[in-house]
Amino acid sequence: MYIYDSTKKVKLQFIPLEEAKASLYVCGPTVYDDAHLGHAKSALVFDLLTRVLRANGYEVTYARNITDIDDKIIAKAIIEKKTIHEITDFYTDSFHNEMAKLGVKRPDIEPKATENLEAMYDLIQKLLDKGHAYETKEGDVYFDTASDKHYLTLSSRVQEDEDRQERVTSSQLKKHQADFALWKSVKDDTITYQSPFGAGRPGWHLECSAMIEKHLAKPNAKFAVDIHGGGADLLFPHHENEAAQTRCATNHSLAAYWMHNGFVNIDGRKMSKSLNNSFFLKDALKEYDGEVLRYYLLSTHYRSNFNFNEEDLQTAKKRLDKIYRLKKRLFSLATYEERTEFQDALLKALSDDLNISLALALIDAMLSKTNEILDSAGKHKQLKKETMANLGFIESILGFGVKNPYDYFQFGVDEKTKAELERLIILRKQAKKDKNFDLSDKLRDEILSYDVQIMDTPQGTFWEKV
RNA sequence: GGUGCCAUCGCCAAGUGGUAAGGCCGCAGCCUGCAAAGCUGCUAUCCCCAGUUCAAAUCUGGGUGGCACCUCCA
């Protein structure tokens with residue numbers, strides 16, 4: 001297994017802290033709004049990573065947090081006249097539902113900020129005790145970046161540059177401009193938490209460090225977790241600050257490997273709140289099967305920036321369709337397990353820093369070869385068995401082809417339309433039997449008008465949603 | 001302004017020193033009543049310039065063009 005470490009900028013062989021085990025922590029969503037395609041991309045990438053690690057025999061512990069303490073959540077609650085929990089519960093549920101549609105498995109641990117406040121207090125206290133943090137007279141607690149000689153090494157930045165660019169809005173009470181808040185004192189009547197440091201809210205970067213310490217860190221290990229992941233924009237300042245907190249508060253570093261996924265862009269530009277060009281997952285899921293989105297978003301290497309557009313999405317669907325057509329071709333057969341060369345090659349490709357393009361090329365080659373042989377005369381008993389095993393392997397490691405193929409090809413078609421299509425197909429069958437091809441073609445045109453295509457096979461005539 | 005990433009066929013996209021994977025589209029053919037699906041075949045010398053090397057898309061230097069981070073962001 002090889003992984004590209006985005007802080008060292010080099011591909012490395014994965015050597016776990018503990019034999020045959022792997023711990024993974026990924027920064028999850030702040031639940032104050034609907035998930036967009038970028039959230040989907042990140043979740044999919046690390047879902048794939050856990051599957052590949054497991055296929056390589058690692059016992060994986062995968063944690064992804066839910067950030068449910070945040071100023072934006074509070075702002076939304078006030079605007080919508082709801083409680084914090086109504087907001088966070090709603091968006092946590094929708095996040096889970098949408099991820100399920102994408103075939104993203106739930107992490108083993110999904111810690112919430114609200115349920116880990118004690119761990120955050122502990123961390124702040126340790127940093128204060130060790131002289132890496134200080135309180136201001138306003139009651140805020142800041143991390144003292146000057147006290148950490150390794151600060152900025154993770155993201156390879158230069159302190160002077162950061163200073164020059166510091167915005168004027170930051171607190172005048174900080175010792176150093178780069179210092180960041182561990183605890184933000186809040187004196188108005190908005191929602192606050194009572195800590196040993198007074199009423200307020202934890203700083204942005206604190207929760208991940210605290211939750212990793214509580215849920216994943218092993219005593220006496222050199223690193224708290226094997227792999228820490230997240231979106232490319234989190235490297236600085238979020239991960240830099242997380243790493244500083246953990247390094248200074250404990251006797252270990254945060255992560256042995258850092259992985260950052262590239263961004264999903266729309267029309268060549270970053271999707272962001274400020275540009276108002278976010279593409280929400282819930283909207284995409286109305287138009288496309290979740291598995292199509294899964295295939296599409298995973299079809300480009302995870303570190304590349306991804307330019308979302310519907311044409312490429314259609315292309316991805318066509319590619320996924322081919323898996324399902326072969327599955328349909330062998331639909332009556334029982335599942336079968338057998339290790340094949342194809343599976344070894346597929347796993348090898350994915351184990352090389354998730355080389356998805358190579359993996360997909362291997363799948364396409366397997367599909368073509370199998371179809372070619374099935375097209376030829378013969379029963380092909382062994383080939384069919386192996387193919388069932390291969391399709392099963394693709395399902396488990398990539399999450400492609402997990403549905404009933406007939407259901408897959410009928411995505412978004414209502415029952416009434418289905419019944420009408422069946423009726424037309426029966427009429428067309430009779431017309432063909434009567435050699436009345438004018439009528440048969442007329443019926444086909446009518447069928448096609450429902451935005452489906454039909455295909456005559458030895459097993460009968462089937463339709464597929466376009 | 002600082003830092004970093006990227007530039008491969010019409011489109012998407014692997015490959016990072018040994019002579020260009022794959023998919024979509026297109027063209028030709030097999031199959032089909034005709035289609036669709038499936039199959040077969042065909043389709044690039046890797047942004048530009050200079051250099052290193054027996055050998056470069058792959059390394060070095062210089063251009064040009066795109067993007068990102070430095071502020072909440074996956």
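A note on names: the letters A, B, ... follow the listed sequences, proteins ahead of strands, and every chain is numbered from 1.
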S.K.: The criterion is side-chain contact (heavy atoms from CB on, under 4.5 Å); which residues satisfy it with A:Glu395, sequence neighbours excluded?
M.R.: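 A:Lys327, A:Val402.
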S.K.: When the nearest nucleotide of RNA chain B is assigned to A:Ser155 and to A:Val264 on a heavy-atom basis, which residue is associated with the more 5' position?
M.R.: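 Closer to the 5' end of RNA chain B: A:Ser155.
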S.K.: A:Gly38 or A:Met455: which one's nearest nucleotide on RNA chain B is closer to the 5' end?
M.R.: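 Whichever sits nearer the 5' end wins; that is A:Met455.
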S.K.: Quick one: which of B:C39, B:C25, B:A74 gets closest to the side chain of A:Phe263?
M.R.: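 So the side chain of A:Phe263 is nearest to B:A74.
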S.K.: Could you list the protein-to-nucleotides 10-14 of chain B atom pairs, N/O on both sides, closer than 3.5 Å?
M.R.:
| unit_1 | atom_1 | unit_2 | atom_2 | d |
| --- | --- | --- | --- | --- |
| B:A13 | O2' | A:Ser357 | OG | 2.8 |
| B:A14 | OP1 | A:His301 | N | 3.3 |
| B:A14 | O5' | A:Ser357 | OG | 3.3 |

S.K.: Counting any heavy atom closer than 4.0 Å, what does A:Ile454 reach on the DNA or RNA strands: base, sugar-phosphate only, or nothing?
M.R.: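 Base, at least one base atom sits under 4.0 Å.
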S.K.: My understanding is that only residues two or more places apart in sequence, or in another chain, count here; which of them pass ring-ring contact (aromatic ring centres under 6.0 Å, His included) with A:Phe409?
M.R.: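 Residues passing ring-ring contact (aromatic ring centres under 6.0 Å, His included) with A:Phe409: none at all.
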S.K.: Got a sec, which residues hit side-chain contact (heavy atoms from CB on, under 4.5 Å) with A:Ile78, two or more places apart in sequence or on another chain?
M.R.: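 Only A:Ile74, A:Thr190 meet the side-chain contact (heavy atoms from CB on, under 4.5 Å) criterion with A:Ile78.
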S.K.: Under 3.5 Å, which protein N or O atoms sit close to an N or O of nucleotides 30-33 of chain B? Give each pair with its distance.
M.R.:
| unit_1 | atom_1 | unit_2 | atom_2 | d |
| --- | --- | --- | --- | --- |
| B:G33 | O6 | A:Ser440 | OG | 3.2 |
| B:G33 | N1 | A:Asp441 | OD1 | 3.0 |
| B:G33 | N2 | A:Asp441 | OD1 | 3.3 |
| B:G33 | N2 | A:Asp441 | OD2 | 2.7 |

S.K.: Using the test ring-ring contact (aromatic ring centres under 6.0 Å, His included), find all partners of A:Tyr257 that sit at least two apart in sequence or belong to another chain.
M.R.: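 For A:Tyr257, the residues satisfying ring-ring contact (aromatic ring centres under 6.0 Å, His included) (neighbours in sequence not counted) are A:Phe14.
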S.K.: Rounding to an integer number of angstrom, what distance separates B:C59 and B:C67 when you compare their C1' atoms?
M.R.: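 About 24 Å, rounded to a whole number of Å.
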S.K.: How far apart are the C-alpha atoms of A:Ser209 and A:Thr246, what are their side-chain angles, what is the distance that settles it, and do they pass the side chain to side chain donor-acceptor pair (under 3.5 Å) test?
M.R.: CA-CA 6 Å; A:Ser209 289; A:Thr246 297; 3.2 Å; yes
S.K.: For A:Lys41, answer base if it contacts any base atom (sugar-phosphate contacts may also be present), sugar-phosphate if it contacts only those atoms, and nothing otherwise; contact means non-hydrogen atoms under 4.0 Å.
M.R.: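 A:Lys41: no heavy atom of the nucleic acid under 4.0 Å.
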S.K.: Between B:A74 atom P and A:Leu298 atom CG, what is the distance in whole Å?
M.R.: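 Taking CG of A:Leu298 and P of B:A74, I get 18 Å after rounding.
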S.K.: What protein N or O atoms touch nucleotides 42-44 of chain B N or O atoms at under 3.5 angstrom, if any, and at what distances?
M.R.:
none

S.K.: For the ring pair A:Phe342 and A:Phe393, is the centre-to-centre distance below 6.0 Å?
M.R.: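 Judged by ring-centre distance (under 6.0 Å), A:Phe342 and A:Phe393 do not meet the cut-off.
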S.K.: With a 4.0 Å heavy-atom cut-off, tell me which residues in residues 359-367 of chain A come close to RNA chain B, sorted by residue number.
M.R.: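 Contacts with RNA chain B under 4.0 Å: A:Ala361, A:Asp364.
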S.K.: Can you measure A:Ile447 atom CD1 to B:A35 atom P for me and round it to whole angstrom units?
M.R.: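 Interatomic distance, CD1 of A:Ile447 to P of B:A35: 17 Å.
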S.K.: Per the salt bridge (Lys or Arg N to Asp or Glu O under 4.0 Å) rule, which among A:Asp5, A:Asp352, A:Asp353 passes with A:Lys11?
M.R.: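 Of A:Asp5, A:Asp352, A:Asp353, salt bridge (Lys or Arg N to Asp or Glu O under 4.0 Å) with A:Lys11 is met by A:Asp352 alone.
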S.K.: Mind checking what makes ring-ring contact (aromatic ring centres under 6.0 Å, His included) contact with A:Phe95, not counting sequence neighbours?
M.R.: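 Counting only residues at least two positions away or on another chain, A:Phe95 forms no ring-ring contact (aromatic ring centres under 6.0 Å, His included).
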S.K.: How far, in whole Å, is B:A36 from B:C30 if one measures between their P atoms?
M.R.: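 Here B:C30 and B:A36 have their P atoms 14 Å from each other.
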S.K.: Please confirm whether the shortest side-chain N or O distance from A:Lys322 to OP1 or OP2 of B:C24 is below 4.0 Å.
M.R.: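 Yes, A:Lys322 has a side-chain N/O under 4.0 Å of OP1/OP2 on B:C24.
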S.K.: Checking A:Lys72 against A:Tyr32: charged group under 6.0 Å from the ring centre and within 45 degrees of the axis?
M.R.: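 Satisfied, under 6.0 Å and within 45°.
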S.K.: Please name all residues satisfying ring-ring contact (aromatic ring centres under 6.0 Å, His included) with A:Tyr4, sequence neighbours left out, ordered by chain then number.
M.R.: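 Per chain and number, A:Tyr4 pairs via ring-ring contact (aromatic ring centres under 6.0 Å, His included) with no residue.
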S.K.: Are the aromatic ring centres of A:Phe306 and A:Tyr296 under 6.0 angstrom apart?
M.R.: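 Close enough - the centres of the two rings lie under 6.0 Å apart.
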S.K.: Remember a base hit wins even if backbone is also touched, and classify A:Asn371 as base, sugar-phosphate or nothing at under 4.0 Å, heavy atoms.
M.R.: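 If one applies the 4.0 Å heavy-atom cut-off, A:Asn371 turns out to touch the sugar-phosphate alone, with no base involved.
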S.K.: Please list, chain by chain and in numerical order, all residues satisfying side-chain contact (heavy atoms from CB on, under 4.5 Å) with A:His85, sequence neighbours excluded.
M.R.: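 If we apply the side-chain contact (heavy atoms from CB on, under 4.5 Å) test to A:His85, skipping adjacent residues, the hits are A:Thr83, A:Thr88, A:Asp89.
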S.K.: Does anything in residues 458-466 of chain A reach RNA chain B, meaning a heavy atom under 4.0 Å, and if so which residues?
M.R.: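 RNA chain B contact set from residues 458-466 of chain A: none.
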